[in-house]
A.B. asks: 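Below you'll find the structure I mean.
Counting begins at 1 with the first residue of the sequence.
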Amino acid sequence: MRAARRTDRYHWAWHRWARYVAQRLILRPIVFSTTRVTVTGEGNLEGLRPPFVVVANHSSHLDAPLVITALPWRVTRHLATAVAADYFYRQAWRRTLTSFFFNSYPVERGRGKKREAGLSGDAVAREHPAGDLPRGHPLPHR
């Protein structure tokens, strides 16, 4: 039952609507006005139902806001996003904003099992979509 308690917040209605305002009315206009965004293949998301995992190559701090705001709200509405604990969860203000905007949970990088280890699996097992942007190299432009 512990897994249920750890992941229940990803479905809280008040948090979902606060995220909607933060993501769609604040973050999206900023991201879309400062970058050139092109979305292709959105039709492939038709019929997508949780649980699922969103994985995107990660090369900058702009990647998560871009992915979150470019995907349709029906896909990101309950999306729980993995973030680096050592960076985003070290300070209370950063942890609060990251949780608020991205419905995030901490992941310890390169340190083995810690307190939140396995939360991605718990989220998916409880039919919450999960997001992960592993650090990688940018894809070559064609």
Side-chain angles (χ1 to χ4, degrees), residues 3-142:
R5 286 183 301 215
R6 290 181 359 171
T7 59
D8 280 348
R9 79 172 178 95
Y10 300 110
H11 279 303
W12 289 348
W14 72 268
H15 194 234
R16 180 175 55 248
W17 289 112
R19 276 194 330 278
Y20 179 84
V21 170
Q23 291 175 2
R24 302 301 160 159
L25 303 180
I26 298 171
L27 193 58
R28 184 180 178 131
I30 292 169
V31 169
F32 278 56
S33 69
T34 58
T35 62
R36 185 175 47 182
V37 179
T38 303
V39 177
T40 58
E42 192 172 341
N44 295 325
L45 301 174
E46 294 300 321
L48 181 65
R49 302 279 182 259
F52 54 83
V53 177
V54 173
V55 179
N57 191 36
H58 172 50
S59 59
S60 82
H61 287 303
L62 185 59
D63 295 337
L66 182 61
V67 169
I68 293 292
T69 60
L71 286 169
W73 174 248
R74 64 179 179 74
V75 172
T76 62
R77 183 175 60 174
H78 296 292
L79 185 67
T81 308
V83 300
D86 61 319
Y87 183 80
F88 290 103
Y89 274 71
R90 184 181 308 151
Q91 298 159 319
W93 70 269
R94 190 176 288 160
R95 175 178 53 246
T96 301
L97 288 175
T98 303
S99 294
F100 180 67
F101 276 88
F102 302 107
N103 204 26
S104 64
Y105 59 92
V107 173
E108 298 287 342
R109 298 190 281 188
R111 293 195 177 110
K113 287 200 171 258
K114 295 288 184 181
R115 192 184 88 209
E116 299 299 335
L119 192 53
S120 297
D122 290 348
V124 172
R126 297 228 342 116
E127 299 192 0
H128 301 284
D132 191 10
L133 284 84
R135 186 61 125 168
H137 300 287
L139 297 174
H141 295 279
R142 293 183 186 180

A.B. asks: Can you pull out every salt bridge (charged side-chain N to carboxylate O under 4.0 Å, His left out) where at least one residue sits in residues 24-38? Sequence neighbours excluded, please.
C.D. replies: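 For residues 24-38: none.
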A.B. asks: With sequence neighbours left out, what residues match Arg90 under side chain to side chain contact (heavy atoms under 4.5 Å, CB included)?
C.D. replies: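 Counting only residues at least two positions away or on another chain, Arg90 forms a side chain to side chain contact (heavy atoms under 4.5 Å, CB included) with Asp86.
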A.B. asks: Looking only at non-hydrogen atoms, find the nearest pair between Val39 and Glu42 and report the distance.
C.D. replies: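 That would be CG1-OE1, 3.9 Å.
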A.B. asks: Rounded to the nearest 0.5 Å, how far does CG of Leu62 lie from OG1 of Thr69?
C.D. replies: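 Here the interatomic distance stands at 8.5 Å.
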A.B. asks: Quick one: list whatever passes salt bridge (charged side-chain N to carboxylate O under 4.0 Å, His left out) with Arg49, sequence neighbours left out.
C.D. replies: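 So Arg49 forms no salt bridge (charged side-chain N to carboxylate O under 4.0 Å, His left out) with any residue.
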A.B. asks: Quick one: list whatever passes ring-ring contact (aromatic ring centres under 6.0 Å, His included) with Phe101, sequence neighbours left out.
C.D. replies: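 For Phe101, no residue satisfies ring-ring contact (aromatic ring centres under 6.0 Å, His included) once neighbours in sequence are set aside.
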A.B. asks: What residues form a ring-ring contact (aromatic ring centres under 6.0 Å, His included) with Phe100, not counting sequence neighbours?
C.D. replies: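 With sequence neighbours excluded, Phe100 shows a ring-ring contact (aromatic ring centres under 6.0 Å, His included) to no residue whatsoever.
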A.B. asks: Run the side chain to side chain contact (heavy atoms under 4.5 Å, CB included) test on Arg19 and Trp12 for me, step by step, so that the C-alpha distance in whole Å, both residues' side-chain angles and the decisive distance to 0.1 Å come before the verdict.
C.D. replies: CA-CA 11 Å; Arg19 276 194 330 278; Trp12 289 348; over 6 Å; no
A.B. asks: For residues 22-46, which residue pairs pass the ring pair (Phe, Tyr, Trp, His ring centres under 6.0 Å) check, not counting sequence neighbours?
C.D. replies: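 Counting only pairs at least two positions apart or across chains, no ring pair (Phe, Tyr, Trp, His ring centres under 6.0 Å) contact touches residues 22-46.
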A.B. asks: Between Leu45 and Leu71, does a side chain to side chain contact (heavy atoms under 4.5 Å, CB included) hold up when you go through it step by step?
C.D. replies: CA-CA 9 Å; Leu45 301 174; Leu71 286 169; 3.9 Å; yes
A.B. asks: When rounded to the nearest 0.5 angstrom, what distance separates OG1 in Thr35 from CG in Leu66?
C.D. replies: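 If we round to the nearest 0.5 Å, Thr35:OG1 and Leu66:CG are 5.5 Å apart.
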A.B. asks: Applying side chain to side chain contact (heavy atoms under 4.5 Å, CB included), run through Phe88 and Ser99 and close with a yes or a no.
C.D. replies: CA-CA 9 Å; Phe88 290 103; Ser99 294; over 6 Å; no
A.B. asks: If only atom types and distance count, is the side chain of Ser104 paired as donor or acceptor with the main-chain N or O of Val83 below 3.5 Å?
C.D. replies: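 No, Ser104 side chain to Val83 backbone: no donor-acceptor pair under 3.5 Å.
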A.B. asks: Closest approach of Arg74 and Leu48, non-hydrogen atoms and distance?
C.D. replies: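 Between these two residues, the closest heavy atoms are NH1-O, 4.3 Å.
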A.B. asks: Between Tyr20 and Arg77, is there a cation-pi geometry (under 6.0 Å to ring centre, at most 45° from the normal)?
C.D. replies: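 No, a cation-pi geometry is absent between Arg77 and Tyr20.
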A.B. asks: Measure the CH2-CD1 distance between Trp73 and Ile68 for me, rounded to the nearest 0.5 Å.
C.D. replies: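 Answer rounded to 0.5 Å: 9.0 Å.
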A.B. asks: Kindly compute the distance separating CD (Gln91) from OG1 (Thr96), expressed to the nearest 0.5 Å.
C.D. replies: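 Those atoms lie 11.0 Å apart.
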